[in-house]
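Working notes, structure below.
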Amino acid sequence: MSGLRGRTVAGLADQALVALTTAGTGLLGTSVLPVHEAGLMLYAVAVLVFVQGLGRAFVGDVLLAHVPRFADAGDRRRQFANAHATSATLGLLGVVVLLAGWLLGPQHYVADLVWCAPFVPSILLQDLARYTYQSRGRQSQALIIDGCWVVVQGACVAALLLTGHVGGGPLIACWGIGATVGALVFYARTRINPLGGRPARWLHDTRHLLGWFTGTGVLAQLTTLLIASLVQGILSATAYSGLRLVQIVVLQPAQSFVMALNGLLVPRASAFAGAGDATGLRRQTRTVLAVNAAIGACILAVAVPLAHPLLSLYRSGAYLAVAAIALPIALQACLYLLQIPFTVAMRGMHRARMLFTQYLAYSMAALGGLVLGAVLGGLPGAAWGLMSGAAIGTAVQASLYRVAVRKLVALAGKPGAVTG
């Protein structure tokens, strides 16, 4: 039990560190840049996070559900090498795509993408390094490499502040430099060679997961990027700055906690499902649901009453108008927290098609609600539309979880049916 407790604490600390750093990058942009320029920088970061999310969809999330079922150390190491080679290939493709977007896209949207492109491979590989450690239950090791990233990024940001060269692009470059150092530390410690793996072999070995799991991840990242684009297109870059500020402070901590739970619990859920242990899977789901409900209540109790007084002080009230969206964004965070126990269980059961179905329902509801809300009620209407999409997605996910568990119980009595 002490080992599990230690891994849990290390995993949560690691994700908290990553969340604070990611949020700090966005908050620093809103604190030192004019509101419109902050919107441009935050949109470039959204594009970079979109590419990072694609890497997770093809490799990271699949790794958590795939590798824990390999008992032999040599087999696991080959899977890791193939996964990192795949991520490196995706990173190189990302460089080309982002440079093309910077050259061909409207500059009032994509001016800062040129700062993102050189660091795409490093960011993808450093992110996968965290997943690699998490798949083996070594959260403390993930904390070390993320700590290297954060320290280096912080030093770079401090240098910008001291020399007076702060800008959206340089702040993004600080993230990339930190990720590069974190990735190099990981490879020095593990001796995994991303150039020695075989991407084609990874695609072959994980083909039973890649189709729907990857489709879900791509849809998730595309939805996030479309939300950013629609808010700027229907409203303005200034409105997007306000939306992102509230999301960073209220919603992003919940999303980061969700990421930590994925790394901690998907491998355990996969082991439960592989053994046909529906009772253990249900117990884990109920426990996490109760904890997340309590955390969600705390978010509501803190975020809503403090939004107006804090925003009135921040940047002399430049973002005070967005206090109106604190309630719908806080409710959206609560719904995400309630949804994650079901998502973890379904990932462990390899119910990839069901996950895709759920996210398709959420995506359609969220984007439709965003457009309708923005047209009728501006930024507050858009925020309530996004919250409505989250409510629909959570309801669909809970229903599909119950169906998946019933199927697991039915298969448990058939020898080889579950693990096969």
Side-chain angles (χ1 to χ4, degrees), residues 1 4-5 7-16 18-20 23 61 64 139 216 220 246-270 272-273 277-307 325-349 351 354-355 358-359 361-362 365-366 369 383-406 408:
M1 182 63 70
L4 176 60
R5 186 180 298 114
R7 289 195 299 271
T8 302
V9 171
L12 294 177
D14 176 49
Q15 196 58 49
V18 174
L20 288 173
D61 288 334
L64 289 178
Q139 272 72 21
T216 302
V246 178
Q247 287 179 332
I248 287 170
V249 175
V250 178
L251 183 61
Q252 193 160 313
Q255 292 174 324
S256 298
F257 184 67
V258 164
M259 292 296 298
L261 290 181
N262 266 320
L264 287 167
L265 299 179
V266 169
R268 294 186 73 234
S270 181
F272 282 136
D277 187 0
T279 301
L281 189 64
R282 282 169 166 162
R283 186 188 307 115
Q284 175 176 283
T285 303
R286 287 195 300 268
T287 301
V288 179
L289 186 62
V291 172
N292 284 11
I295 295 173
C298 292
I299 291 176
L300 275 171
V302 172
V304 177
L306 292 181
I325 68 174
L327 177 57
I329 297 299
L331 288 171
Q332 188 181 357
C334 293
L335 290 165
Y336 282 164
L337 288 171
L338 294 178
Q339 181 179 321
I340 191 58
F342 307 121
T343 303
V344 164
M346 291 174 66
R347 283 190 178 277
M349 289 184 283
R351 295 297 180 181
M354 287 185 173
L355 285 172
Q358 181 273 336
Y359 212 93
Y362 157 73
W384 282 105
L386 291 173
M387 189 281 296
S388 301
I392 292 172
T394 303
V396 172
Q397 188 73 308
S399 301
L400 292 176
Y401 160 78
R402 297 185 64 181
V403 174
V405 170
R406 284 198 296 267
L408 178 64

- [ ] To the nearest 0.5 Å, tell me how far I325 CD1 sits from L251 CG.
- [x] 10.5 Å
Task: Gap between atom SG of C334 and atom CD1 of I299 - 0.5 Å precision - done: 5.5 Å
TODO: Quick one: list whatever passes side chain to side chain donor-acceptor pair (under 3.5 Å) with Y362, sequence neighbours left out.
DONE: Y336
- [ ] Report the residues that fulfil side chain to side chain donor-acceptor pair (under 3.5 Å) with T216, sequence neighbours left out, ordered by chain and then residue number.
- [x] none
Open item on the list: Distance check, rounded to the nearest 0.5 Å: L386 atom CG versus I329 atom CD1?
Closed with: 6.0 Å
Open item on the list: Give me the atom names and distance for the closest heavy-atom approach of N292 to L337.
Closed with: ND2-O, 2.7 Å
- [ ] For Q358, enumerate each residue passing the side chain to side chain donor-acceptor pair (under 3.5 Å) test, keeping only those at least two apart in sequence or located in another chain.
- [x] none
TODO: Taking all heavy atoms of A330 and all of A303, pick out the closest pair and write down the distance.
DONE: CB-CB, 4.3 Å
- [ ] Supply the atom-to-atom distance R351 CZ to T343 OG1, rounded to the nearest 0.5 angstrom.
- [x] 15.0 Å
Open item on the list: Tell me the closest heavy-atom pair linking A326 and V246, and the distance in Å.
Closed with: CA-CG1, 4.2 Å
Open item on the list: Which residues pass the side-chain contact (heavy atoms from CB on, under 4.5 Å) test with V291, not counting sequence neighbours?
Closed with: I295
TODO: Mind listing the closest non-hydrogen atom pair of V396 and A361 along with its distance?
DONE: CG2-CB, 4.3 Å
- [ ] Measure across L281 and A269 and return the closest heavy-atom pair with its distance rounded to 0.1 Å.
- [x] CD1-CB, 3.7 Å
Task: Heavy-atom closest contact (A301 atom, P305 atom, distance) - done: O-CG, 3.0 Å
- [ ] State the CG-CZ distance between L64 and R268, to the nearest 0.5 angstrom.
- [x] 14.0 Å
Task: Residue pair R347 / L355, side-chain heavy-atom distance below 4.5 Å - done: yes
- [ ] Could you list the residues that satisfy side-chain contact (heavy atoms from CB on, under 4.5 Å) with T279, not counting sequence neighbours?
- [x] D277, R283
Open item on the list: Distance check, rounded to the nearest 0.5 Å: T287 atom OG1 versus Q284 atom CD?
Closed with: 8.0 Å
Task: For T285, all residues meeting side-chain contact (heavy atoms from CB on, under 4.5 Å), sequence neighbours excluded - done: P341, F342, A345, Y401
Task: Listed partners of S388 passing side chain to side chain donor-acceptor pair (under 3.5 Å), at least two apart - done: none
TODO: Please identify each residue that fulfils side-chain contact (heavy atoms from CB on, under 4.5 Å) with L335, with sequence neighbours left out.
DONE: M387, A390, A391, T394
- [ ] Compare all side-chain heavy atoms of M354 with those of M349 and state whether any distance is below 4.5 angstrom.
- [x] no
